[in-house]
Amino acid sequence: MDNGRLEPMMVGHFHIDYSGFTLDVDLPMPGKGITALFGPSGSGKTTILRCMAGLERSPKGFLSVAGEVWQDEQHGIFLPTHKRPLGLIFQEASLFPHLSVLGNLQYGMKRAGNTKGEGFDTMLDLLGIRPLLKRTPDSLSGGERQRVTIARALLTRPRLLLMDEPLSALDRKRKLEILPYLERLHDELSIPVLYVSHSLDEVARLADHLVLIENGRVTENGPLADILARPDLGAAFGGETGAVLETMVAAHEADGLTRLEFPGGKLYIAGNAHAPGSRLRCRIHASDVSLALSAYKDTSILNTLPAIIADVAETDTPGHVLVQLQLMGGESLLLARITERSRQTLGITSGLPVVAQVKSVAILR
């Protein structure tokens with residue numbers, strides 16, 4: 001996966017005037033991986049998804065997926081939903097209650113003309129639903145129903161998968177149950193996924209590319225790691241502001257710690273659940289990073305990383321600032337939330353060499 005640094009393979013433009021709200025978006029997006037639409041409720045995320053699905057029609061709309069034009073109103077082109085090769089996953093699982101799990105999956109294959117059942121066994125194993133085939137939808141948990149819904153959508157052999165807050169109707173236990181399966185999809189699927197969410201935890205864990213939506217407009221569009229590490233966007237993420245690092249498990253140390261390496265340094269985490277060579281995505285909250293002008297030997301903080309101050313931005317919390325850090329030896333970025341007093345005391349300004357002290361590292365996947 002290339003973290004979104006791909007030539008745009010999906011291009012969309014939609015403009016719709018509603019009473020009291022206008023949607024006006026241009027969306028060049030990569031043609032692989034998961035692109036997340038993130039923003040507050042009412043910002044237009046679901047409307048964009050409906051436009052891409054053909055459920056909402058933009059009078060001057062345009063949509064091209066992998067070079068195939070699905071909508072170009074200027075030239076009289078508009079493929080209705082049933083003719084667009086896409087899969088749709090909504091908040092609530094939409095299975096046929098009178099059919100078994102197997103019957104629901106066979107419906108998806110029949111709709112796509114998939115008479116040979118291509119990909120059937122792969123979907124069963126990928127989403128862990130083989131033991132559920134004889135059961136009916138009303139006997140499944142929320143997470144199980146959603147996994148079956150995803151499998152049915154993928155068995156239609158779509159060229160684009162649209163997911164509208166697929167975990168929002170699930171409790172925390174069921175979310176944790178289904179997230180590993182979504183991660184498998186991320187690793188295995190070759191089709192683009194557009195994922196709508198207002199949960200930054202989900203976005204940071206799953207997405208490669210991030211589109212920020214506010215008041216019906218795109219405010220930012222780019223690789224996930226780059227946007228999450230922007231100090232000027234702290235208000236968009238609130239108290240969840242932080243950076244994402246792609247790391248590799250280098251070794252298990254004798255004292256029970258695991259060493260992770262990435263361009264720009266190394267981190268130590270507790271435990272050894274991941275095999276050497278494994279790739280892990282880590283998230284470091286800005287509130288878990290403190291700054292020092294030099295390295296300390298007499299500290300309990302294991303993870304200290306030499307860095308250069310790249311940028312400083314005000315926050316929506318009085319008396320605090322967000323500091324963007326360029327880690328030495330690579331392109332990796334971190335954020336630190338510090339007080340204005342600390343900024344003045346340490347003389348924090350762009351170009352200053354510092355040591356980032358990381359108090360906590362969250363393993364996402």
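With values rounded to the nearest 0.5 angstrom, L210 atom CG is found 4.5 Å from I227 atom CD1. Taking CG from N303 and OG from S360, the interatomic distance works out to 9.5 Å, rounded to the nearest 0.5 Å. Going from atom CD of E240 over to atom CG of L228 covers 10.5 Å, rounded to the nearest 0.5 Å. Rounding to the nearest 0.5 Å gives a distance of 12.0 Å between CD1 of I129 and CD of Q146. To the nearest 0.5 angstrom, I269 atom CD1 is 4.0 Å from I363 atom CD1. Taking CE of M109 as the reference point, atom CE of M123 lies at 11.5 Å (rounded to 0.5 Å).
A salt bridge links E340 with R343: the closest approach of a Lys/Arg side-chain nitrogen to an acidic carboxylate oxygen falls below 4.0 angstrom. Taking 4.0 Å as the cut-off between side-chain N and carboxylate O, R283 and D201 count as a salt-bridged pair. Here D208 pairs with R281 in a salt bridge; the nearest charged N to carboxylate O distance falls below 4.0 Å. Under the 4.0 Å criterion applied to side-chain N and carboxylate O atoms, R147 and E144 are not assigned as salt-bridge partners.
Side chain of T81 to backbone of A53: a donor-acceptor contact under 3.5 angstrom is found. Between the side chain of S332 and the main chain of P263, a donor-acceptor pair closer than 3.5 Å is present. Between the side chain of K45 and the backbone N or O of G39 there is at least one donor-acceptor pair closer than 3.5 Å. Formation of a donor-acceptor pair under 3.5 Å by the R259 side chain with backbone atoms of A250 is not found in this model. Remark: side-chain polar atoms of H252 are not paired, donor with acceptor, to backbone N or O of A273 under 3.5 angstrom. Between the side chain of S58 and the main chain of I16, no donor-acceptor pair closer than 3.5 Å is present. The closest donor-acceptor contact from the side chain of R84 to the backbone of L79 lies under 3.5 Å.
Neither side chain, Q357 nor Y296, offers a donor N or O lying under 3.5 Å from an acceptor on the other. Between E73 and Q71, the side chains place a donor N or O and an acceptor N or O closer than 3.5 Å (distance only, hydrogens not considered). A side-chain donor-acceptor contact under 3.5 Å links D138 and T136.
Side-chain contact between V196 and M163: absent, with no pair of heavy atoms (C-beta onward) separated by less than 4.5 Å. Put simply, the side chain of V312 does not reach to within 4.5 Å of the side chain of P231, judged on heavy atoms. In this structure the side chain of L194 reaches within 4.5 angstrom of the side chain of L37, judged on heavy atoms. In this structure, the side chains of I213 and V218 come closer than 4.5 Å at one or more pairs of heavy atoms. With a 4.5 Å cut-off on side-chain heavy atoms, D24 and H13 count as touching. I178 has its side chain within reach of L170: a pair of non-hydrogen atoms, C-beta onward, lies under 4.5 Å apart. Considering only heavy atoms from C-beta on, R152 comes within 4.5 Å of L95 through its side chain. Proximity of T22 to H15: side-chain heavy atoms (C-beta onward) are separated by under 4.5 Å at one or more points.
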Given salt bridge (Lys or Arg N to Asp or Glu O under 4.0 Å), test R205 with E202 step by step and report yes or no.
CA-CA 5 Å; R205 185 166 175 171; E202 287 176 32; over 6 Å; no
Applying side-chain contact (heavy atoms from CB on, under 4.5 Å), run through H285 and K359 and close with a yes or a no.
CA-CA 9 Å; H285 288 270; K359 306 171 195 173; over 6 Å; no
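Cluster annotation: L155 is connected to Y181 through the hydrophobic network of ILVMFWY side chains, with a link wherever side-chain heavy atoms come within less than 4.5 Å. Under the 4.5 Å side-chain contact rule for hydrophobic residues, L333 and M248 do not share a cluster.
The heavy-atom pair separating G265 from L305 by the smallest distance is CA-CD2, 4.3 Å. Here the closest non-hydrogen pair linking P28 and N221 is O-ND2, 3.1 Å. Shortest non-hydrogen contact noted between N104 and P137 is ND2-CG, 4.0 Å.
Both the sub-6.0 Å distance and the 45° axial angle are not jointly satisfied by R130 relative to the ring of F120.
Atom NE2 of H198 sits in a sparse spot, with 12 or fewer heavy atoms from other residues, nucleotides or ligands closer than 6.0 Å. Residue E220 qualifies as enclosed at atom CD: its count of foreign heavy atoms under 6.0 Å is above 12. In the displayed structure, D17 atom CG is contacted under 6.0 Å by more than 12 heavy atoms of other residues, nucleotides or ligands. Heavy atoms from other residues, nucleotides or ligands lying under 6.0 Å from OH of Y107 number 12 at most.
In this structure T339 satisfies the side-chain contact (heavy atoms from CB on, under 4.5 Å) test together with H320, R341, S342, sequence neighbours excluded.
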